[in-house]
Every structure is written in C-alpha cells, then in structure tokens.
Amino acid sequence: MNLHSRPARTAARRAARAVAALGAATLLLTACGTDSDSGKSSGDKAGKADTASSATRTVKDATGKAVEIPAEPKRIVTLTQEDLDAVLALDIKPVGITNGQGLDKPPAYLADKVEGINVVGNLLQPVMDKVVAAKPDLILAGDMQDEQVLKQLREITPATLVTMAPTDDWKLFFRGVGNAVNKLDAANKFITDHEAAAKTAGEKLGKNKGAEVSIVRWNPDGPSWMENKQFASGVALEMGLKRPESQDKDGNAHTPSLSLEKINEIDGDWLFLSTLTSDGEKALKDVQSKPAYKELGAVKNGQAVTVDGSVWSTRGGPLAADVVLADYVKALSAE
C-alpha cells in the first residue's frame, strides 16, 4: 500500500509491528497523570490561575513514548488530515494545520470548519518557521516517522505526540486524541453515535440491504481494492454490507495495482471508485472507455459511483466516517 506522502510499508512490516503498535496505542488511552505543583501560589487568585494554566499530564503516544503535555491544551497544531478531523470532531479549533492527503489545500470535507486557520505545510511535511509562528502548546504529529523532523518539532514544544500506530483503526486513534486533549468521553460518545447511525442506516437500504460493495482506489498504473479493515470498508461492514468474495480479506491495506486483465477482481453489486491524484483521475477516465471496464457487472447495472479519494482512501477519522456513511446511504438508497 502506498498512501500519498506516507512512507511505504510492506505487508510484512505492517504485520510485524501490529501487536506492538496496538499496545502502544492502548497506552495512549490509559497512561496519564497530573502535575498540579507548577506555578503554585498560596491563596492568591493569580497564583491559582497560573497553576491551572501550567498543569500538565503525562501520556504515552502511539510509539510508547511518555510525553508531558498541557492538561488543557489551548494552541494545537495538527500535521495530518486525521489529526485535524479528530480535533474538529471534538469542537476544538487548531491554530495550525496541514494540507489534505494528495492535496495542496485542506480537505474539501473540512473546508468550512478551517477557514482562517493558518496552513503550516503539507501532510507530514511541516514548514518549521510556520509551526513556530503558530506558538503551539501541543503538536499532534500523526504517524510521523522521521526522527529528525520529530526532533525539530520537540524543540518547538516537547508536547509533540505521534498519534497513530501502524493501523487504520480510526476509532482507536480517535480515542487516543480524545485522551490527549482531555475529551475522551466526548470521543467515545461520537463513536457510539456513529456506530448506531451506521447500523440503522444499513437496515433501511431496502433491496440493497447486505449488498456487496467493491471499494477501489484508481492509481495511475491501475486499480487497487481495499481490504476489510481499511477505513471505508469498516464503515460498510458496520452497515451490514458485504464485500465481494475476491475482496473479503482481513487486512487493512490496499492491494497492489491490478492489470487490466485482472479488472474483474474489482467487480461487485456496487463499485465505489476514488482517486487521489490528477494522474489517477486521468487513468480512471481513460479506462472507462475500454471494453473490460464496461463489462463489469456494477458498471453495466449503473451501480458504479465516484467518491472523494481524500476521504475514502485515507486512514479515516470521525468526521470522515460520517461522510463515507452518507455516501453509502446516498448511493444505495437511490431508487
């Protein structure tokens, strides 16, 4: 799987790190403490205010590193689309963000929520001067693996958290961010509400209840379909939808790009297609005129749907999950 601007990871590498990553992410949820001694002043209101503003907690990030962070962070910078999605879902407006995955601007589905917020770089590629100018007291660094970049960020503020382990489980990641910003209860409620909405929506799909959905990203060199634990697939399964037999694989990756000779692997009752780059979009447009594409069952039945790759082909987040849910309902509820 190659996500745009993400370091490439082989399937073997993902598998080898999965157990450790899960444990580290769980620590992010549970390991915390309070330091209320900083700035203490006896009996005086100003002293109490100082104490409140300087109180800290210690959490473990997704790598297992213990990090001291503000108990109530006020100036958060997010370095990935997923981090941004998570804090917005918790009604927190960050002071600095990065552009969306595969984009030179913030993701469209969050555009109305980030107006006026300074962009400090591209996905996982912060411009340090812009991060400094944002004066962050907490940096959410996504799945940043570049130790040199992390070192620079920690010089800006030691409260820099790697928030994602090598997994596409947006709920685990979201709970970790919720804990870091002292809003774990709100994160849990969002997840519970989303799951209930997905189940209810799936039961109301009529003739498409339990339909097989193929979820495909079209790359410049061909299509790749998504395994069951990948983000958009997870939303489908929450709705009681199924995956085609050829795609019913228990992983969290995209397959390698398929040749035209194997295009039948992407067929299903419904076909959801996305792209992430202009080259991928062109490749999809080109193949749509070819007989092999036109012979797909979903295409012949008028059940091939184009969706936003900057939402569907990401690791996902709470607001993105609701967008994907709405896309399924719109397509599968149509008469």
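Side chains are part of it too, since the values below use all heavy atoms of this structure and drop only hydrogens, waters and symmetry mates.
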> Are the side chain of N118 and the backbone of G96 linked by a donor-acceptor contact shorter than 3.5 Å?
Replying inline: no
> With a 4.5 Å limit on heavy-atom distance, are the side chains of Q288 and L284 in contact?
Replying inline: yes
>> Using 0.5 Å steps for rounding, measure from the CD atom of Q230 to the OG atom of S313.
In response: 6.5 Å
> Under 3.5 Å, side chain of D137 to main-chain N/O of P70, donor-acceptor pair present?
Replying inline: no
> Out of curiosity, Q101 CD to L103 CG, how far, rounded to the nearest 0.5 Å?
Replying inline: 8.5 Å
>> Using a 3.5 Å distance criterion without hydrogens, assess whether the side chain of N219 forms a donor-acceptor pair with backbone atoms of G280.
In response: no
> Between Q303 and D269, is there a donor-acceptor pair closer than 3.5 Å when you use the side chain of the first and the backbone of the second?
Replying inline: yes
> What are the two closest non-hydrogen atoms of S310 and Y109, and how far apart are they?
Replying inline: O-CE2, 4.5 Å
> So do the side chains of L271 and I266 get within less than 4.5 Å of each other, counting heavy atoms only?
Replying inline: yes
> If you draw a 6.0 Å radius around CD in Q152, do more than 12 non-hydrogen atoms from other residues or ligands fall strictly inside?
Replying inline: yes
> When you measure from the side chain of S214 to the backbone N and O of G268, does any donor-acceptor pair fall under 3.5 Å?
Replying inline: no
> Roughly how far, to the nearest 0.5 Å, is NZ of K93 from CD of E115?
Replying inline: 8.0 Å
>> Please determine whether residues V311 and V213 belong to a single hydrophobic cluster, defined as Ile, Leu, Val, Met, Phe, Trp and Tyr linked transitively by side-chain heavy-atom distances below 4.5 Å.
In response: yes
> What distance do D308 atom CG and T275 atom OG1 have between them, rounded to the nearest 0.5 Å?
Replying inline: 8.5 Å
> Between L88 and P94, which heavy-atom pair has the shortest distance, and what is it?
Replying inline: CD2-CD, 4.1 Å
> What are the two closest non-hydrogen atoms of A141 and L124, and how far apart are they?
Replying inline: O-CD2, 3.6 Å
>> Working note: D91 + K183, criterion salt bridge (charged side-chain N to carboxylate O under 4.0 Å, His left out); need CA distance, chi angles, decisive distance, verdict.
In response: CA-CA 10 Å; D91 294 322; K183 290 196 173 189; 5.5 Å; no
>> Using the rule given for side-chain contact (heavy atoms from CB on, under 4.5 Å), can you reason through L140 versus L161, listing the C-alpha separation, both sets of side-chain angles and the distance that settles it, and then say yes or no?
In response: CA-CA 5 Å; L140 302 180; L161 286 177; 4.2 Å; yes
> Side chains of M164 and F173: closer than 4.5 Å at any heavy-atom pair?
Replying inline: yes
>> Could you check whether any side-chain N or O of R154 sits under 3.5 Å from a backbone N or O of A159, counting only pairs where one atom can act as donor and the other as acceptor?
In response: no
> Does E265 reach the main-chain N or O of W225 with its side chain, forming a donor-acceptor pair under 3.5 Å?
Replying inline: no
> For the atom pair CG (D85) and CD1 (I97), what is the distance rounded to the nearest 0.5 Å?
Replying inline: 12.0 Å
> Short question: side chain of S224, backbone of S257 - any donor-acceptor pair under 3.5 Å?
Replying inline: no
>> Return the NE2 to CZ distance between H194 and F174, rounded to the nearest 0.5 Å.
In response: 11.0 Å
>> Determine whether K171 and E238 satisfy the following criterion, salt bridge (charged side-chain N to carboxylate O under 4.0 Å, His left out), listing intermediate values before the conclusion.
In response: CA-CA 13 Å; K171 296 173 187 177; E238 288 174 331; 2.4 Å; yes
>> Are L138 and T157 packed together at the side-chain level, in the sense that at least one heavy-atom pair is separated by less than 4.5 angstrom?
In response: no
>> Before you tell me yes or no, could you show the steps for D185 and K189 under salt bridge (charged side-chain N to carboxylate O under 4.0 Å, His left out), namely the whole-Å CA-CA distance, both residues' side-chain angles and the distance that decides it to 0.1 Å?
In response: CA-CA 6 Å; D185 287 346; K189 184 179 186 305; over 6 Å; no
>> Show, in sequence, the C-alpha distance, side-chain angles and deciding distance for T58 and V67, and conclude whether the side-chain contact (heavy atoms from CB on, under 4.5 Å) test is met.
In response: CA-CA 5 Å; T58 299; V67 183; over 6 Å; no
> Do I92 and I76 touch side chain to side chain, with heavy atoms closer than 4.5 Å?
Replying inline: yes
> Less than 6.0 Å separating the ring centroids of Y328 and W312?
Replying inline: yes
>> So does G64 get a backbone contact from the side chain of D61, meaning a donor-acceptor N/O pair under 3.5 Å?
In response: yes
> Do Q125 and T98 touch side chain to side chain, with heavy atoms closer than 4.5 Å?
Replying inline: no
> Quick one: does E155's side chain get under 4.5 Å of K151's, heavy atoms only?
Replying inline: yes
> Under 4.5 Å between side-chain heavy atoms, hopping through other hydrophobics if needed: is there a path connecting V287 to L276?
Replying inline: no
> Can you tell if the side chain of D146 reaches within under 4.5 Å of the side chain of L150, non-hydrogen atoms only?
Replying inline: no
>> Can a donor-acceptor pair be found, under 3.5 Å and without considering hydrogens, that links the side chain of N301 to the backbone of G297?
In response: yes
